[in-house]
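Report on the structure given below.
Position 1 is the first residue of the sequence; numbering continues from there.
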Amino acid sequence: MSAFVCQNIESILPQLRIMCGDRVDTSFAMRLQHGSDETWNLDAPPDIVIFVKTTQEVSDIMTLCHLHTVPVIAYGVGSSLEGHYAAICGGICLDFSMMNAVLEVNEKDMDCRVEAGVTRKQLNMYLRDKGLFFPIDPGADASIGGMAATRASGTNAVRYGTMRDNVLNLTVVMADGQIINTAKRARKSAAGYDLTRLFIGSEGTLGLITQIQLKLALIPEIVISGVCHFNDLRGACETATEVLQYGIPIARMELLDNLQITAFNSYAKYHLPEKPTLFVEFHARDRNVITHEVSEFKNIAEQYGGTDIQIAEKTEDRNRLWKARHELFWANKSHWPGKDTLSTDVCVPISSLAECITQTHNDIKETNLVAPIVGHVGDGNFHVLIMFDKSSQQDVQKVKGFCDRLAQRAIDMQGTCTGEHGVGIGKRDYLLIEFGPAINVMRDVKRSLDPKNILNPNKIIVL
């Protein structure tokens, strides 16, 4: 094994092996896996990977690391996109995949408690026979702990909200090993500071989330999906805006531009027109209600040039459509072989969405980039999936310039540099532009909760 990046680790490695046995891994392959992602951020393997099993074990490890000033990074399934778990200061990576138990389901209250390593799909398989589901769907089969830590969102956010809206309570291990619960199971509370939402989106920099109490939703009795094609991006965006302004309770509304539809067709063996397209889904318990909602959507779409509106009600047809939507990363890798992929996102007020996407589309053309646009347009959030050559300095500089302009454009429109990917390493520099003096309050919070700066150091905030 190469020399430790964090020199203090050598003195505690024997104790870690006593505590966790063969779940302590120092092999280079395992360390590299836990320090690399699908971004252009440099690979930064931790010194040690530990597969943790209990909250108390996490507490014991944190107590030891706090005493010896050893950095600790949490790891779910590795689906984050902004260098969140790169061990840039060395240290220990805690892998939560073995903490994968559904601890309780309170059907009458429509909530549940899970360990951090439970994945979204695993949870919904467990809940299926109870008529309940967890609606947050970021696409990847992410861990619930990781989704909470990065304030995840996804295709269902327009109806069901984000992780911020669906977490009731967290069990958190603090930097010094102390175990806390941030709330109870009540649906609302006016007691004290809202610690739950302080830790949601903190990316493991303020504490380590080990258990999560989640709100659940009823599985809808009737689900209808569809696609609608437009002549231009503005028409699709204006449709999305007006659908929301009219109060149509749509469950999902996703935008794919014409370039993304080309890759989508090739990968998924579809034959959709290569035009900007909205993917939509409606949930209801009454046939008449959902028929009315679909009709209202069609009327609005047609006003903005929407054509060829195709509806899918069979479960297998709907699942195939959304499965292909969630696999766009691999569709693009297949369609542009040999290219690296960078996925970035911003979010703007819904009234600014059409203008932001139009300007971004023009920027892509002027910069001569291959960069399909995909949007969770129901909440003003969209992604740009940039295909480029990471080994080419010219490509890298071109992409960095585009990303800087995209973030600034969103912030100028009273939006944010990231709607759901989070900050990590990749978007730290934009926070000062977005928050101004409030960034100093964030630093004060970090210093207060993690005075030794050992929790995922130099992510989000640099002390």
Side-chain angles (χ1 to χ4, degrees), residues 37-41 80-83 139-140 155 230-237 240 254-268 272 274-279 324-348 352-377 380-413 415-422 424 426-427 430:
D37 62 19
E38 294 291 340
T39 73
W40 57 15
N41 297 301
S80 57
L81 294 167
E82 293 293 348
T155 59
F230 295 83
N231 291 324
D232 53 54
L233 283 168
R234 185 174 289 274
C237 292
E254 299 284 295
L255 169 68
L256 277 65
D257 73 359
N258 56 308
L259 190 60
Q260 187 59 78
I261 288 292
T262 300
F264 175 90
N265 282 341
S266 174
Y267 183 78
L272 300 178
E274 293 180 1
K275 296 180 177 182
T277 301
L278 286 180
F279 286 43
R325 158 62 187 90
H326 284 323
E327 292 179 350
L328 292 181
F329 177 89
W330 301 111
N332 292 353
K333 295 289 277 187
S334 174
H335 193 71
W336 290 283
K339 291 290 187 180
D340 298 297
T341 305
L342 177 72
S343 177
T344 189
D345 83 311
V346 295
C347 189
V348 295
S352 300
L353 180 67
E355 186 60 28
C356 192
I357 286 185
T358 300
Q359 288 187 24
T360 301
H361 181 69
N362 292 337
D363 192 354
I364 289 169
K365 289 198 296 184
E366 291 168 7
T367 312
N368 197 28
L369 287 173
V370 175
I373 293 175
V374 182
H376 306 315
V377 289
N381 180 210
F382 68 94
H383 308 255
V384 183
L385 310 179
I386 307 166
M387 311 303 298
F388 71 112
D389 181 0
K390 194 160 56 174
S391 67
S392 165
Q393 271 303 309
Q394 183 179 4
D395 265 19
V396 168
Q397 290 306 312
K398 188 162 62 171
V399 171
K400 282 188 174 179
F402 168 79
C403 289
D404 289 344
R405 292 190 299 276
L406 175 60
Q408 186 68 61
R409 182 180 303 123
I411 294 168
D412 289 345
M413 293 182 179
T416 175
C417 66
T418 174
E420 59 184 21
H421 285 190
K427 294 197 171 181
Y430 303 137

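Between His383 and His421, the angle of the ring planes lies from 30° to 60°, which puts this pair in the tilted group.
Side-chain atoms of Asp257 do not come within 3.5 Å of backbone N or O of Val374 as any donor-acceptor pair. A distance-only check finds no donor-acceptor pair linking the side chain of Ser266 to the backbone of Thr262 [under 3.5 Å]. Counting only distance, with no hydrogens or angles, the side chain of Ser352 and the backbone of Val348 share no donor-acceptor pair below 3.5 Å. Under the 3.5 Å distance criterion, the side-chain polar atoms of Lys333 are matched with a main-chain donor or acceptor of Lys339. Although no hydrogens or angles enter the test, the distance criterion places a donor-acceptor pair under 3.5 Å between the side chain of Lys427 and the main chain of Cys417. Under a 3.5 Å cut-off, the side chain of Asp345 and the backbone N or O of Asn381 do not form any donor-acceptor pair.
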side-chain hydrogen bond (donor to acceptor under 3.5 Å, both in side chains) evaluation trace for Thr155 with Arg325: CA-CA 10 Å; Thr155 59; Arg325 158 62 187 90; over 6 Å; no
Chi angles and distances behind the side chain to side chain contact (heavy atoms under 4.5 Å, CB included) call for Leu353, Phe382: CA-CA 9 Å; Leu353 180 67; Phe382 68 94; 4.0 Å; yes
Ring pair (Phe, Tyr, Trp, His ring centres under 6.0 Å) between Phe279 and Phe264, intermediate numbers included: CA-CA 12 Å; Phe279 286 43; Phe264 175 90; 5.4 Å; yes
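For the pair Leu406 and Val384, the minimum side-chain heavy-atom distance is below 4.5 Å. The side-chain heavy atoms of Pro372 and Ile386, taken from C-beta on, include no pair separated by under 4.5 Å.
Across every non-hydrogen atom of Ala354 and Arg234, the tightest pair is CB-NH1, 4.0 Å. Closest of all the heavy-atom pairs between Ile373 and Gln260 is O-CB, 4.3 Å. Ala371 and Leu259 make their closest contact through N-CD2, 4.0 Å (heavy atoms, listed as atom of the first residue, atom of the second, distance).
In this structure, the ring of Phe329 has its center no less than 6.0 angstrom from the ring center of Tyr267.
Sorted by first and then second residue, the pairs that involve residues 391-406 and meet side-chain hydrogen bond (donor to acceptor under 3.5 Å, both in side chains), not counting sequence neighbours, are Asp363-Arg405, Thr367-Arg405, Asp389-Ser391, Asp404-Tyr430.
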